[in-house]
Amino acid sequence: MDNKKYNVKDALVEGLFTNNPTFVQLLGACPTLAVTTSVQNGFGMGISATCVLILSNLLISLLRKFIPKQVRIASYIVIISGFVTAVELLIKAYLPALNSSLGLFIPLIVVNCIILARAEAFASKNGPFASMLDGLFMGLGFTLALTVLGAIREILGTGKIMGVELFGGMYEPMIIFVLPAGAFITLGFVIAGVNAIFAKVNREKHKKEVKR
Amino acid sequence: MSKQNSKQEIKSILDITLRLFVVCTIIAAVVAGVNALTADKIAENEARVISETIREVFSEGDIIDMQYSDSDSCVSSIYKITKEADNSIIGYSVICAPAGFGGEVQMMVAFDADKAITSVRVMSHSETPGIGDKINSADEAWFTEQFAGKNSLMSFGDGVDKISGSSKSSNAVLNGVNAAVTAIAEVN
């Protein structure tokens, strides 16, 4: 049976913050770690993944009554990889400038667990419009996460942001941040920070409720 | 009773299989369709990137594809640039894609009519930002410029140097240049 009423505002907050696919759900860590070597790369991957997420959520939602549950994972993977291939071909043909900056990341989207997870957790159980919104909000949360991680790693690891020198050459960059080890370190610290913020917000909320 | 059940089972397995088949067929058709729609445009785009890069070095002359092929080499094509007036050779342009750290490094090695290198361009790559991508950066332009004038196989430390800290990416460019030198010696 389909889930009940879909609250758009709550869903947006969830996708961006409280249920952020990267920092809270810890999904799609592989492309996250690999691609966040700069703000541009992180943002580009986020946007591309969001487009695929919206489309795949839509199609899977439309087909949810047709796909038998015993072969649902196989079906979702076929649909997702089909979409990614189609998107890649279209970008290569009609947006060659975009292809030179984002071209590498498109095939990586197929193995991004966020897409499969949202198909299974949401699109297979909800209507097409809500599924598209879910794809959009989760995608935005993913893009936010990648952009933040990309910014931190680019600033600390190369001393630049978006290719622009920040510290006038005085800062000796810590190269480790653009390497895989730095990816793990950065992600770990950001998740710790996010958890600390959530804990504080919940304490404030609890205090307010107890006062009443 | 049990015969009824297994008949039901077979029917349900057939049903599931059929549905999966339908989904796969639809997606395969969509991908095939998009491919047919875009194949020509993609080939056109790739050819345009190559000719634009060649034009950066050889601003005049006819570009002729020499139909070079060698499956063991990372060289994908060789172009001859000739003077429009008398078909005399101005130079050559070799397109190759040696393996780098993060993937293929698409590069072009330009030669003059005597088969000496005039310039080396990196067209695209997937090397690590801040490390390997120095092979294509303005700050380290000396790296690609150092190959100018050479016409034989080279190794680092012997007239040409790698970018320190980026050996894999530097080696990729060197391999590409050497492959180009080898290939150009074979053609007329």
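Here is how names work: the chains are called A, B, and so on, in the same order as the sequence lines, proteins then strands, and each is numbered from 1.
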Heavy-atom closest contact (B:K41 atom, A:A93 atom, distance): CG-O, 3.4 Å

Counting only heavy atoms closer than 4.5 Å, note whether B:I26 contacts chain A via side chain, backbone, both or neither. neither

Between A:V78 and B:V31, is a side chain to side chain contact (heavy atoms under 4.5 Å, CB included) present by the stated rule, with each step listed? CA-CA 11 Å; A:V78 166; B:V31 174; over 6 Å; no

Nearest heavy-atom contact between A:G82 and B:I27 is CA-CG2, 3.7 Å

Derivation of the side chain to side chain contact (heavy atoms under 4.5 Å, CB included) call for B:L37 and A:Y94: CA-CA 11 Å; B:L37 189 70; A:Y94 299 114; 4.1 Å; yes

Part of B:I16 within contact of chain A (heavy atom distance under 4.5 Å): both

Counting heavy-atom pairs under 4.5 Å with chain B, which one of A:L89, A:L90, A:L63 comes out on top? A:L89

If I compare all heavy atoms of A:A74 with all of B:L20, which pair ends up nearest, and what's the gap? CB-CD1, 4.4 Å

May I ask you to decide if A:F66's main-chain N or O and B:R19's side chain share a donor-acceptor pair within less than 3.5 Å? yes

Chain A contact via B:N35 - which portion, at a heavy-atom distance below 4.5 Å: both

More than 12 heavy atoms of other residues, nucleotides or ligands under 6.0 Å from CD of A:E172: yes or no? no

Non-hydrogen atoms of chain B under 4.5 Å away: do they reach the side chain of A:T85, the backbone, both or neither? side chain

Side chain / backbone / both / neither for B:T38 at chain A, heavy atoms under 4.5 Å: both

Which atoms of B:V49 are under 4.5 Å from chain A, going by heavy atoms: the side chain, the backbone, both sets, or neither? neither

